[in-house]
Amino acid sequence: MSEHTEHGAQVGTDKSTVADTGGAAGAADAENSLSAENAKSAAIPELVIISGMSGAGRSTAAKCLEDLGWFVVDNLPPALIPTMVDLGARSQGNVAKIAAVVDVRGRRFFDNLRESLADLDARNVTRRVVFLEASDDALVRRFESVRRPHPLQGDGRIVDGIAAERDLLRELRGDADLVIDTSGLNVHELRAKLDAQFAGEEEPELRATVMSFGYKYGLPVDADLVVDCRFLPNPHWVPGLRPYTGLNEEVARYVFDQPGAKEFLDRYAELLQLITAGYRREGKRYVTVAVGCTGGKHRSVAMSEKLARRLAAEGVETVVVHRDMGRE
């Protein structure tokens, strides 16, 4: 990184020297004015801040964005994020997308991050926060598999460090644009999720993930909205339908032939129109709609497919994920 050095001009006593100096000063003023104008018109890069629980996959997320052409800075102190954005703006378009991985381990770092985000918002910088998390059980297994302590456990146990970090990051998680629960994801599945969100050349107004799930396997932690389809008769108890999933035409027909199924779909799709319109107004870019039934195999799968089509018809870029299909 080069630094600009100011050269002092030697001023003489004769008029010609003064005139030359004045001309040089005028040229310098013009150059400085032009530089200031160029700085104003410099393209401010997009910014993604990757944070979340230790062991939840921050490094994998960083590598994924790097492969997609983002300029990635790992373990960047939060106070330096605005400086990084300024440097990117002066790169003449060479650094158009910056991803900063923030490891928040202390109260001071968290305060600095909050101040940096406020600074970026005041300057109208387009920024998104991606928060990675996982269940306590998953995090404990990961730390034990690599035989490393949690950075915040001190003299306590791994679960103590996890609890301290979760408490420290609670506010940041609430402000995140995208929350990804990696408890049941392997490296390839996490990369696929990030590819789906960041691989496009143009950022859509709103991206939705419609996820079917089974209540007996637990609620999806990263769900923004939860829909319960257990009020519909279960195809599991129909011998001819039991082996199939909600992707099967006969199963889907059975589900939507039940009283209230089509009406529920229509009304909830209308509700989603209101919600997605509000999300757009508030600048929210991602939403996860979780659709549940008992096992996540029949009713929730069929309903998820229909809801996803309705959202796509409204101009929402939609991805369908069937979390628990095939687990039985």
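Worth saying up front: this structure is predicted, and the values here are computed from it rather than measured.
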Heavy-atom donor-acceptor pair, [X] side chain to [Y] backbone, under 3.5 Å:
X: E165; Y: S54; value: yes
X: E305; Y: V301; value: no
X: R127; Y: L47; value: no
X: N234; Y: W237; value: no
X: D324; Y: G296; value: no
X: D160; Y: R157; value: yes
X: R242; Y: P235; value: no
X: E189; Y: N186; value: yes
X: Q153; Y: G156; value: yes

[atom1] of [X] to [atom2] of [Y]: how many Å apart, nearest 0.5 Å?
X: L132; Y: L190; atom1: CG; atom2: CG; result: 6.0 Å
X: L247; Y: K297; atom1: CG; atom2: NZ; result: 11.5 Å
X: I50; Y: D74; atom1: CD1; atom2: CG; result: 8.5 Å
X: I44; Y: R90; atom1: CD1; atom2: CZ; result: 12.5 Å
X: M211; Y: D224; atom1: CE; atom2: CG; result: 10.0 Å
X: S183; Y: L139; atom1: OG; atom2: CG; result: 7.0 Å

For [X] versus [Y], what's the shortest heavy-atom pair and its separation?
X: S300; Y: V291; result: CB-O, 3.1 Å
X: V179; Y: D222; result: O-CB, 3.2 Å
X: S51; Y: L172; result: OG-CD2, 3.5 Å
X: A208; Y: V316; result: CB-CG1, 3.7 Å
X: P78; Y: P82; result: O-CD, 3.9 Å
X: S135; Y: R166; result: C-NH2, 4.0 Å

For the residue pair [X] and [Y], establish whether any side-chain heavy-atom pair is separated by less than 4.5 Å.
X: T209; Y: V289; result: no
X: V226; Y: L219; result: yes
X: S304; Y: H322; result: yes
X: M303; Y: Y268; result: no
X: V129; Y: D175; result: no
X: V251; Y: T245; result: no
X: E171; Y: R114; result: yes
X: M53; Y: I162; result: yes

Over-ring placement of R327 relative to Y217, 6.0 Å and 45° cut-offs: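 Yes, R327 sits over the ring of Y217.
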In terms of hydrophobic clustering (I, L, V, M, F, W, Y; side-chain heavy atoms under 4.5 Å; direct or indirect links), are [X] and [Y] co-clustered?
X: V187; Y: V130; answer: no
X: F131; Y: L120; answer: yes
X: L225; Y: V221; answer: no
X: L265; Y: V227; answer: yes
X: F213; Y: V320; answer: no

In terms of side-chain heavy atoms, does [X] have a donor or acceptor partner in [Y] at a distance below 3.5 Å?
X: T182; Y: R142; value: yes
X: T294; Y: R299; value: yes
X: Y286; Y: R128; value: yes

Could you go through the side chain to side chain contact (heavy atoms under 4.5 Å, CB included) check for L178 and I180 one step at a time? CA-CA 7 Å; L178 176 62; I180 300 178; 4.0 Å; yes
Are [X] and [Y] close enough for a salt bridge, meaning some N to O gap below 4.0 Å?
X: R141; Y: D137; value: no
X: E263; Y: R267; value: yes
X: D266; Y: R310; value: yes

Evaluate R191 against D67 for side chain to side chain contact (heavy atoms under 4.5 Å, CB included), listing each step before the verdict. CA-CA 10 Å; R191 290 182 67 94; D67 291 342; 2.5 Å; yes
Tell me the ring-ring contact (aromatic ring centres under 6.0 Å, His included) pairs involving residues 62-98, sequence neighbours left out?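 For residues 62-98: W70-F198.
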More than 12 foreign heavy atoms under 6.0 Å from CD of E250: is that the case here?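 Check fails, neighbour count at 12 or below.
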What do you reckon, is NZ of K262 surrounded by more than 12 foreign heavy atoms closer than 6.0 Å?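 Atom NZ in K262 is not crowded, with 12 or fewer foreign heavy atoms closer than 6.0 Å.
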Test ring-ring contact (aromatic ring centres under 6.0 Å, His included) applied to H150 - qualifying residues, sequence neighbours left out: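 With neighbours one apart ignored, the set is F143.
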Pairing residues for F231 by the ring-ring contact (aromatic ring centres under 6.0 Å, His included) criterion, not counting sequence neighbours: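 Once residues adjacent in sequence are excluded, the partners of F231 under the ring-ring contact (aromatic ring centres under 6.0 Å, His included) criterion are F264.
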Could you walk me through whether L311 and V210 pass the side chain to side chain contact (heavy atoms under 4.5 Å, CB included) check? CA-CA 9 Å; L311 282 170; V210 180; 3.8 Å; yes
Could you walk me through whether L117 and L113 pass side chain to side chain contact (heavy atoms under 4.5 Å, CB included), step by step? CA-CA 6 Å; L117 293 179; L113 178 59; 4.2 Å; yes
